[in-house]
Structures are given as C-alpha cells and as structure tokens.
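In what follows, chains are A, B, ... by sequence order, proteins preceding strands, each numbered from 1.
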Number of protein chains: 2
Amino acid sequence: MRSRLIIWEPVVDAIHPHTAALIRKLESIARLTDEERAALLRLPLRLKTVPADQDIVSEGDTPSECCLIVEGFACRYNVTAQGKRQIQSFHISGDIPDLQSLHLEVMDHNLGTLIPCKLAFIQHDDMRSLMRNHPRLGDLFWRDTLIDAAVFRQWVVNVGRRQSLARMAHLLCELLVRLRAVELVEDHAFELPVTQGDLADAMGLSNVHVNRVSQELRAKGLIALHGKTLKVLDWEGLKRTGEFDPTYLHLVKKEAL
Amino acid sequence: MRSRLIIWEPVVDAIHPHTAALIRKLESIARLTDEERAALLRLPLRLKTVPADQDIVSEGDTPSECCLIVEGFACRYNVTAQGKRQIQSFHISGDIPDLQSLHLEVMDHNLGTLIPCKLAFIQHDDMRSLMRNHPRLGDLFWRDTLIDAAVFRQWVVNVGRRQSLARMAHLLCELLVRLRAVELVEDHAFELPVTQGDLADAMGLSNVHVNRVSQELRAKGLIALHGKTLKVLDWEGLKRTGEFDPTYLHLVKKEAL
DNA sequence: CGATACGTTGACGGAAATCAACCCCGGTGG
DNA sequence: CCACCGGGGTTGATTTCCGTCAACGTATCG
C-alpha cells in the first residue's frame, strides 16, 4: 500500500510538490487513474505564502480562482452582528475550501488562515477545463464538496445537541481522521497549531470553557498535549466520548477508523 | 415577470404537475432554457405519498433513486447516542434533499417527513443521463447542493453563536425566503405545519424554550400565529432580530428580500 | 367522549458564559 | 542581558440562559 505511493510520489515532488497533498486527499475519497493524477499535476498554480489570521477570501468577494491549501491551517467563518465569530470548518493540506466559488459567484462567508499558510491558487478556467477534459474528476470534485457539506451537517449536530466534552472529543476525532488521510498523523499524534480561542469559535463555546474541557479530556487520559502537538492516548475512548462515527467523511480507505 | 411563468406553467401542469415545484425552485437559483425545462418535465417519476414522521431514507442506506418533494415538509436529521435528535435542514416543495446520493453511496443521515408528503422518486440513472445530455443542468444541480451546504453553514452559525430569540428569527426568515421562491408565501404569511418540538430539534433548543421564544416573537409584534399559518408582521424587524442576510441562499431573483 | 398529541406555564437546576485576575513564555528592544 | 510586552493559557467567582421536570390546558380525531 505504501509501495503504491512510491511509484508516483517522487514524480509528484519533481513537478509540483504542491499538488501532492491534493492528490493524497482525493485518493482518500476515490481512486484516481494515472492519467487523472497527471492532469492534476499539470494544473497551473500561483503560489503564495500568507501570515496567520489573514483573510484569503472575504464575504462579498467574487473570486476568479480557487485556493488550494498546501500547508497550514485555515478556516471558514462568519461573524455575527454581535461580533461573535463562528468557524464553520477547518481546512488542512490538500483542501480546496472555496471550490464552491466555481458555481456560487459571491462568497457568503470568509476564508482565513489560522497560522501562516502556503497556498496555491488555481484559476477557475483551469479548473473548468480540467473537469471538462476529465469528467470523472469533475464528479470527484463534486463528491468532495458534498463531503464538505456532510461535515457541516455533523457540526450542526455537534454544536446543537452535544455538550462540551463530547463536542470537543468529536471535533478532535474528525481532525485526526482527516489529517491522517493526508498523512499528517503519526502514532495517533498530530500538530494542532490553533489557539483555544479558535477551537472555541469552532464549537460555539467560550475560550475559558474550552480550556476546562481540554483539561477534562486530559484528566480522563484520552489525550495529551505537548506544546502544539496533540496525542490521542485512548482512541476508542475518545471516539466513544465524542460519539464519533467516521461514515460522514466518506473515505475509501477505511483501515484504522 | 408573472407573465413569463404563464407561458409554460399550463404545459407543466398538463404533463407533470409534480415537476412544477422543482422547476420553480431551480429558476429561483438560475435561468433555464425552454429545452432544459422540457427535459426536466420528461424525467420519469415514481410517485408516492408518505405519512408524517416516517423515514424516506435512513442512515446507512445506499439509495438508487433521489427523492423530489412535491408537497409537504421533510427534514434531514441525526440522532445522538443520548437519543437527542438534531435536524440539519428543512425541505419543502421542489427540493431534492438526497441529490447527494448520486455521489455519496451511503447515507450519513436520515431523511424523514414531518407531515404527510407527496414525493416523486427519480432513478439515479435517469438523473445521470439528464445531466449528461444537459451539462448546464448538471452544473445547476451542483449549484443546488452547494446552496444546501451554505444553508448548513449558516445553521452552524445560528446554533453556535446566536441566542434563542435571534436563532428562531433567523430560521423563520430563511423559511419565508425559501418558501417564497416556490410561491408558497402570500402577503408575508406561510404554512408552518411542524411542531414546536421539530423547531426545537432544528435549533438545538428544548421544546419548552421554543414555546417561550415563540411567545416573545409574538409579544414583540414580529410574527403572528393563526393555527398552522405564520404571518410575519414586521419583516424588517424580524430580519434585524435574526441578523438575517439572504446572500447565502444565492437566489437570482432578489426582489423583496 | 375519552385518548392522545401538542401547546403552555411555573419552579428549579445546571451547563456554560462572563468577568477579572494571574501565570507563563517567547519575542523584542533598550 | 534583562526588562518589558503581549498573546495565550489557567483559575476562581458570579451570572445567565436555557434545560428539565411536572403539571395543566386545549384541540383534534377515532
């Protein structure tokens, strides 16, 4: 399984290391042919590095390109009239959070960085011709946006009906599974470089309460924190606490979920 | 504007009155050509009437057809391990709530009726060939699922960061705008045939609290209830209370929002 | 006419918000 | 080199919004 990767991975790195995470992500939700991988690698990219806490696209914008996250942590969010921020999703390497702008002209939310990010912008026209020449990739991108929607639905459940401990456990489970799909998890540990305030805005809680819940998860021996790296000590226990069922992520590789 | 409809509406009714609501809904988010309308009208439908509180599709199912709601109120929902239901969206005439099953094999949530519904089922294969023959309709359906996703995102904001009064006001605003797009609103009044318990499960509140908030909205002169019909007395006030901005519904007809 | 589901009301309790310190640590500049 | 600064993490005290429980009213329907 690892060996399959080796066949093409060096090629990826030689041409566009930036597309590697995207391909990895797409392969987590479908199989790709060599031709499709090659077409993805030929996508023209405009690279950019963005500092932390910066908007990539804002509410009201009408973007003409999509943003691929090569490295870093980003999020979609809205701010209410009372100035409260609600994060709607986290985005990691391989994600194209504003793929929707292909079909929805005006942004109804903001897309911003949480830490410094390496981004690769892809012109809408290039995306469209890619999908015209490779209809299966078009379907796959549609599938990807549908999975995004499934994540939003689960967040509604999480925020609406789970109390804080389960809520946080669920979020951490989701992050672990998604990060593992792009090979950013080793031994049930991953980098979580966001602040407690960011997590609070994602869960509809206050930063103070997130702090307390985080301590409770540690006290129960479910997770451990060393700096910005989070290690899951009891995966089964964390899943149970968060009532986590990964079905909604619609991954094709189901090992070790 | 009304006259444009008259040109084709009788034809619709003559052939498949059941598709009329779908066409009306699609025309609220994009323009259709006569040919596209005709193609939609030729869709083979399997009609079915379903009583209230019945699942149409359940978590874990792998449907081979999509469900068009001809008449009634349905919802998508999940139930947590503690037995709490969270509704993720309401669906009305013209909606195809499980369009996603075209690209996501297994259902990660339930789709159920809230009141007796008239449904029309469309085979996946028929949808696929429709979209193959009319790529613009394919894009349009993709757009439709993206708008669904935008609604989920707003619900995350609503449930996560707005307190009960604003939360309920926002939900009612959304319902009014969506119902108006399929011509189910007259003079700022519409049928809301769901129970307070249903609304509670949609907003992540208790039914008792929904009752109190509903009274508060009435006391403030924002809405009035006569049986199952809800009349918005102060549209501007309700929008302000719910911090409602209809951008996220991505309607093409923007009058009277 | 009773059964049942839904709406309404009041009393009480609890989960999480808010407020206000304080600590810790890495970065910066004098 | 150390003092200062500021962001983030931590803690305790207090408040508030909303949940829960339990009762009662009301309407619809067989």
Just how far, in rounded Å, is [atom2] of [N] from [atom1] of [X]?
X        : N      : atom1 : atom2 : answer
B:Arg162 : C:dA17 : CZ    : C1'   : 18 Å
B:Glu216 : C:dT9  : CD    : C1'   : 15 Å
A:Leu165 : C:dA15 : CG    : P     : 12 Å
A:His209 : C:dG14 : NE2   : C1'   : 11 Å
A:Arg161 : C:dA15 : CZ    : P     : 16 Å
A:Leu199 : D:dG7  : CG    : P     : 19 Å

Looking across every strand, which nucleic acid part, if any, lies under 4.0 Å from A:Thr195 by heavy atom: base, sugar-phosphate, or nothing?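 Result for A:Thr195 = sugar-phosphate.
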Categorize B:Gly204 for me: base, sugar-phosphate, or nothing, with a 4.0 angstrom heavy-atom threshold over every strand shown.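 Sugar-phosphate: the residue B:Gly204, judged by heavy atoms under 4.0 Å, touches backbone atoms but no base.
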Estimated bend of the helix from C:dC1-D:dG30 to C:dG30-D:dC1 (axis per five terminal pairs, rounded to 10 degrees):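 The two end axes of the helix from C:dC1-D:dG30 to C:dG30-D:dC1 meet at 30°.
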Thinking salt bridges, do B:Asp148 and B:Arg76 make one under a 4.0 Å N-O criterion?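 Salt bridge: yes.
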Identify whether the distance between the nearest side-chain nitrogen and carboxylate oxygen of B:Asp245 and B:Lys239 falls below 4.0 Å.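 No.
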At their closest point, which heavy atom of A:Arg161 faces which heavy atom of B:Ala200, and how far apart are they?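 It is NH2-O, 3.2 Å.
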If only side-chain N and O atoms of [X] are considered, is one of them under 4.0 Å from the OP1 or OP2 phosphate oxygen of [N]?
X        : N      : value
A:Ser164 : C:dA16 : yes
A:Lys228 : C:dC25 : no
B:Lys84  : D:dT20 : yes

Could you tell me whether the side chain of B:Thr49 and the main chain of B:Lys118 form a donor-acceptor pair under 3.5 Å?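 Side chain of B:Thr49 to backbone of B:Lys118: no pair is present.
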Under the side chain to side chain contact (heavy atoms under 4.5 Å, CB included) rule, collect the residues that match up with A:Thr195, sequence neighbours excluded.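 Once residues adjacent in sequence are excluded, the partners of A:Thr195 under the side chain to side chain contact (heavy atoms under 4.5 Å, CB included) criterion are A:Asp198.
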Taking only N/O atoms, report every protein-nucleotides 10-12 of chain D pair under 3.5 Å with atom names and distance.
unit_1	atom_1	unit_2	atom_2	d
D:dT10	OP2	A:Gln196	NE2	2.8
D:dT10	OP2	A:Asn211	ND2	2.7
D:dT10	O5'	A:Asn211	ND2	3.2
D:dT11	OP2	A:Gln215	OE1	2.6
D:dT11	OP2	A:Gln215	NE2	2.7
D:dG12	N7	A:Arg212	NH2	2.4
D:dG12	O6	A:Arg212	NH2	3.4

Are there over 12 heavy-atom neighbours, none belonging to B:Gln215, within less than 6.0 Å of that residue's CD?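 Check passes, neighbour count above 12.
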